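To start, the structure under review is shown below, and the notes come after it.
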Amino acid sequence: MVLQGLITGIIIGGILSLPVMGVALIYGVTGILNYAIATIGTFGAFTTWLLLPYGLLPAILAGLLTSFVIGFGIQQFLLNPLIKKKGNDLTLFFIITFGIATIVAGLTKNFFPRPTISIELPKLGTLFIADVAVDINKVIAIAIAFSILLVMRFLEKTTKTGKSWIATSQNLKMAKLVGINVEFVYSLVSGIGCILGFIGAFFWGVLYNLTVNTGWDLCFLGYIIAIVGGIGNVWGGMISALIMGVVISFAGYWLGGMWQSVALYVILFAILIVAPKGILGSERSV
Amino acid sequence: MTIRHNLPRLLLPFVLALPALFVFVGGYTQWVIGYLYLFIIQGYVAWLLFYKTGQSFYGYSATMALGAYTCVVLQRLTNVSPALQILLGALISALLAMLFFLSTSRAKGFYAGMASFLLAILIPKLIEALYPITGGRSGVQITGLDLLLGSDNYFLLVIFFTVVIVAFIAWLINTRVGKIFTLIAENEDLAQATGINSFKYKLLAYTVAGLLSGLGGALYVNYTGSISSVDINVFTSVSIFFIPLLGSKRSLYGPLVGSMFLVLIPELFSSIERYLDILYGLSYILVMIFLPDGIIIGVGRLLARLFSKIVPPKTLGNSS
């Protein structure tokens, strides 16, 4: 039972880590916490579900592109001008991005024909880990979550775009001086953050049921876990998400479904009290 | 000069008491006005704590819920009178606010705000987990004071309590304590440099806000006669936080106008209820960008600009 709980926890944590990484990545580069990532990702996942009759790959690409375009567009046309005008006021951007999340959730509710969806993927079989049966789709979900983290770190170190967002996060003025189009980098990173939100929501829809409310839950958790992990710290976010996944899993076993969320939020609250700046602290230097 | 300066503050209780006349109209309109007043209380609490004392707190639905659910639990498990239920609800909510401040006092600004935001998410989950007593998402009904006193009398009582609470807050911010609250909001280091124990005053602000918000919550459940975790979820908290911002955080009348907007707009647009989320989201963004000082000051400026275009200042000067 312990191993089963641990595996389930790592899978939930892996999915949760995607929106968390999205929030952390965007904060690390832009200095603002975008609350709307998971609701935008949920909109993308609903788009994928709607287009599934046209083939799995086109549907996934459509969901991915929708999330990226919304994230990029919002950053480019709404948030960038605001950053320019008002700086990185966390409270201001909390309200603005909460407003964006509310609009996107409202659109998801009204635009799609069903409030609850389940994304059917082809069955790939079952894998046995020390006698515990695990759906291979779940293994793929967690593998993708970890791979994305590694790919992001690899891109940051090896590509020009990756280096430009590191430079932007470390020294904004210098990045501008050397000719980096800071606003484009912000928008690009915001779009990528929303893609991470999409992948998280997509796998949630594959493994469980996805609703507008689940999107909000991913939103709350993505945002709060990103803060608890160390605001803007991608590794901290990932570790926190995995811990919280395990907490959700074991709380479900021991306390029952109703107390699962209570246990999770009590622990998150306790961490914020003990370590107000998060488990690993902030990675952003400006 | 003093009377002129204090006129808005002196007039406020009368402005707030005037809708008591809706008791002669009765029916649903009267009910909506009473419901509006329950949010006016919360709006002024948010104004006092967030905007006047500068404390990042988003957990208004949590303090409100504690006041309301104390009444529910006491009514279901004991024979305590409704008046005592309301009083205990307010006191327990004040205790929660105090404990929250004491436990998060190490966290500053945004982080403390996020801890309170977590509280606003946690309390509805706790209510859902305790569904045998609280009714969870389906809700629970109580024999509220509206049934015991009659809906007209309880409507008047809600208005009376709102007037008293708002008058108290308006009085408080003009006392020495209120001025210290404002100083802490503007520059806590300066306040401490002048020998003010900011910890003590912040604790006081949280206690007062918790007490009044809990009282508002207790009045709420007695007015509606039922409550569920959905009524006091995190969106309620964000809406309450948004009330003074929408009306104007800089005006004494801001929370009043903000509450009217938040409660009456859904009533006016009930035919497009399914799109209200979108409307709310849009209003959050538009107000933050175009009306950062709220509707009152924003509209005032707009009218002043329009008026100066219609009657240019030079013309005004010549005519006089």
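Protein chains get the first letters and strands the later ones, always in sequence-line order, with residue 1 at the start of each. Not measured: the values here are computed from a predicted model.
With a threshold of 4.5 angstrom between heavy atoms, B:Pro124 does not approach chain A through any atom at all. When heavy atoms are compared at a cutoff of 4.5 Å, A:Leu268 approaches chain B by way of both its backbone and its side chain. For A:Val228, no part lies under 4.5 angstrom from a heavy atom of chain B. Contacts between A:Ile96 and chain B at a heavy-atom distance below 4.5 Å involve backbone atoms as well as side-chain atoms. Contact of B:Val287 with chain A is not made at all, since no heavy-atom distance falls under 4.5 Å. With a 4.5 angstrom heavy-atom cutoff, A:Leu78 touches chain B only via side-chain atoms. Of the atoms belonging to B:Leu276, not a single heavy atom falls under 4.5 Å from chain A.
Within the model, atoms CG of A:Leu272 and CZ of B:Phe117 stand 12.0 Å from one another, a figure rounded to the nearest 0.5 Å. Here A:Ile273 contributes atom CD1 and B:Leu102 contributes atom CG; the two are 10.5 Å apart, rounded to the nearest 0.5 Å. Atom-to-atom distance recorded for A:Ile103:CD1 and B:Leu279:CG is 9.5 Å, nearest 0.5 angstrom. Going from atom CE of B:Met114 over to atom CD1 of A:Ile227 covers 5.0 Å, rounded to the nearest 0.5 Å.
The most heavy-atom pairs under 4.5 Å with chain A, out of B:Ile123, B:Ile121, B:Leu245, B:Leu126, come from B:Ile121. Chain A forms the most heavy-atom pairs under 4.5 Å with one residue out of B:Phe241, B:Phe235, B:Phe242, and that residue is B:Phe235.
Among all heavy-atom pairs drawn from B:Ala129 and A:Val262, the shortest one is CB-CG2, 3.9 Å.
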Just list the donor-acceptor pairs under 3.5 angstrom between chain A and chain B, please.
unit_1	atom_1	unit_2	atom_2	d
A:Lys86	NZ	B:Met288	O	3.4
A:Lys109	NZ	B:Asp277	OD2	2.8
A:Asn110	OD1	B:Arg274	NE	2.6
A:Asn110	OD1	B:Arg274	NH2	3.0
A:Asn110	ND2	B:Arg274	O	3.0
A:Ile273	O	B:Arg106	NH1	3.2
A:Val274	O	B:Arg106	NH1	2.8
A:Val274	O	B:Arg106	NH2	3.4

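Under a cut-off of 6.0 angstrom, the local environment of CZ in A:Phe111 is sparse, with at most 12 non-hydrogen atoms contributed by other residues, nucleotides or ligands.
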